[in-house]
Colleague: 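Below is one structure. I have some questions about it.
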Amino acid sequence: MQTFIPTKNTPVSETDRQELLNSHATCEALSRYIEVLLHASETPLTDTDLKKHLSMSHDELQMALIILEERMANSVLALSKTASGYRLQIKDSYSRLIQQIFPERLDNLSQALLETLSVIAYKQPVTRADIEQVRGVSVSSNILRQLFDKGWIIEKGHKDTIGRPALLHTTAAFLDAFGLASLEELPKLPDLASLKVDG
């Protein structure tokens with residue numbers, strides 16, 4: 001969809017004006033359809049999913065998403081893009097209220113699990129021995145099992161050393177769980193040297 005955007009000194013003909021209004025009305029309607037689909041879907045929806053379900057062009061999708069984000073500005077929900085696609089989620093500013101009223105909804109993640117997951121996320125691919133080297137303690141099989149069960153890590157490849165230990169990587173499900181679109185969105189570490197793993 002080619003959208004005509006008039007500048008301050010550009011005269012707007014009635015035809016162009018009508019086309020602009022129609023285009024905006026279409027994208028406004030599409031933004032509401034996207035909102036409905038995101039509410040109804042149990043999983044995030046990708047650009048491809050939305051374009052296919054709503055038969056719209058790339059430009060229409062981008063404009064509809066902008067309109068949806070603007071409409072969400074005064075809502076308790078926010079449009080979020082994760083590794084698996086778009087989803088609606090409660091804004092971070094309400095997280096304390098949710099924790100107070102619904103503590104059972106919180107995933108009880110131990111410090112050891114979070115440390116193990118952090119080493120994998122920041123230094124992947126890593127082996128179990130690499131994680132133990134960074135943390136200075138042995139990695140519990142139960143912690144790795146929990147991470148595998150959540151679908152947050154996978155084994156992909158083997159390190160070319162004695163015993164050929166499995167290499168651990170994070171997954172798209174990990175990114176989704178933490179509201180990230182990619183690993184580049186991970187917070188910066190204050191001291192990366194502390195996470196050095198022998199190559």
Side-chain angles (χ1 to χ4, degrees), residues 34 37-53 58 61-62 65 77-92 94-95 98-99 102-199:
I34 291 171
L37 293 182
L38 294 179
H39 273 296
S41 178
E42 294 180 359
T43 57
L45 297 175
T46 65
D47 288 7
T48 302
D49 293 331
L50 293 171
K51 287 190 284 190
K52 177 183 173 186
H53 293 320
H58 175 76
L61 172 62
Q62 297 310 307
L65 288 171
L77 297 177
L79 177 65
S80 173
K81 186 173 186 182
T82 67
S84 297
Y86 297 96
R87 68 181 183 189
L88 296 178
Q89 63 185 40
I90 297 171
K91 289 179 178 174
D92 291 341
Y94 296 98
S95 59
I98 294 170
Q99 290 169 15
F102 303 108
E104 69 280 0
R105 292 185 59 178
L106 292 178
D107 223 340
N108 192 12
L109 304 177
S110 69
Q111 184 69 27
L113 183 144
L114 289 172
E115 287 176 5
T116 301
L117 181 59
S118 295
V119 174
I120 298 170
Y122 281 97
K123 300 305 295 178
Q124 60 189 304
V126 292
T127 66
R128 184 173 183 159
D130 292 334
I131 298 168
E132 291 174 346
Q133 177 191 337
V134 172
R135 293 191 62 227
V137 294
S138 62
V139 177
S140 160
S141 295
N142 182 50
I143 286 177
L144 290 178
R145 178 51 46 208
Q146 287 181 62
L147 293 173
F148 279 117
D149 288 347
K150 290 177 180 297
W152 290 355
I153 64 170
I154 57 170
E155 290 183 358
K156 191 163 61 175
H158 295 83
K159 193 169 185 177
D160 194 17
T161 58
I162 296 173
R164 292 182 52 77
L167 291 169
L168 302 173
H169 301 252
T170 56
T171 65
F174 157 73
L175 294 173
D176 290 345
F178 289 87
L180 304 171
S182 71
L183 291 170
E184 283 69 39
E185 293 186 2
L186 284 169
K188 299 300 180 193
L189 290 177
D191 183 15
L192 287 173
S194 66
L195 285 186
K196 277 188 177 169
V197 171
D198 291 339

Colleague: Within the 4.5 Å heavy-atom criterion, are L45 and I34 side-chain neighbours or not?
Modeller: no
Colleague: Out of curiosity, S118 OG to L113 CG, how far, rounded to the nearest 0.5 Å?
Modeller: 9.0 Å
Colleague: Do H53 and L37 come close enough that some side-chain heavy atom pair is under 4.5 Å?
Modeller: yes
Colleague: Are the side chains of K150 and L109 in contact, using a 4.5 Å heavy-atom criterion?
Modeller: yes
Colleague: Which pair of heavy atoms, one from H169 and one from L167, lies closest together, and at what distance?
Modeller: CD2-O, 3.6 Å
Colleague: In Å and rounded to the nearest 0.5 Å, what is the CD to CG distance from Q89 to L38?
Modeller: 11.0 Å
Colleague: Taking side-chain hydrogen bond (donor to acceptor under 3.5 Å, both in side chains) as the test, write out the residues that go with E42, two or more places apart.
Modeller: none
Colleague: Report yes or no: do T116 and R128 form a side-chain donor-acceptor pair below 3.5 Å?
Modeller: no
Colleague: Which atoms form the tightest heavy-atom contact between A78 and K91, and what is the distance?
Modeller: CB-CG, 3.8 Å
Colleague: Is a salt bridge present between K51 and D47, judged by a nitrogen-to-oxygen distance below 4.0 Å?
Modeller: no
Colleague: Can you name the nearest heavy-atom pair linking T127 to P165, along with the distance?
Modeller: CG2-CG, 3.7 Å
Colleague: Is the shortest side-chain heavy-atom distance between T170 and L175 below 4.5 Å?
Modeller: no
Colleague: Would you indicate whether the side-chain heavy atoms of I90 and L77 approach each other to under 4.5 Å?
Modeller: yes
Colleague: Hey, what do you get for CG (L168) to CD1 (I154), rounding to the nearest 0.5 Å?
Modeller: 9.5 Å
Colleague: If the condition is side-chain contact (heavy atoms from CB on, under 4.5 Å), which residues does T48 pass it with, not counting sequence neighbours?
Modeller: T46
Colleague: Checking F178 now: which residues fulfil ring-ring contact (aromatic ring centres under 6.0 Å, His included) with it, not counting sequence neighbours?
Modeller: W152, F174
Colleague: Identify the heavy atoms of A172 and S84 that sit nearest to each other, and give their distance.
Modeller: CB-OG, 3.9 Å
Colleague: Heavy-atom count check: over 12 atoms from other residues, nucleotides or ligands less than 6.0 Å from H58 NE2?
Modeller: no
Colleague: Tell me, with the steps shown, if L180 and T82 meet side chain to side chain contact (heavy atoms under 4.5 Å, CB included).
Modeller: CA-CA 5 Å; L180 304 171; T82 67; over 6 Å; no
Colleague: Using a cut-off of 6.0 Å, state whether more than 12 heavy atoms not belonging to D92 lie near its atom CG.
Modeller: no
Colleague: Do NZ/NE/NH1/NH2 and the carboxylate oxygens of D130 and K159 come within less than 4.0 Å?
Modeller: yes
Colleague: Measure the CD1-CD1 distance between I153 and I143 for me, rounded to the nearest 0.5 Å.
Modeller: 10.5 Å
Colleague: First locate atom CD of E115, then atom OG of S110, and finally report the distance between them rounded to the nearest 0.5 Å.
Modeller: 8.5 Å
Colleague: Quick one: are T43 and D176 in side-chain contact, heavy atoms under 4.5 Å?
Modeller: no
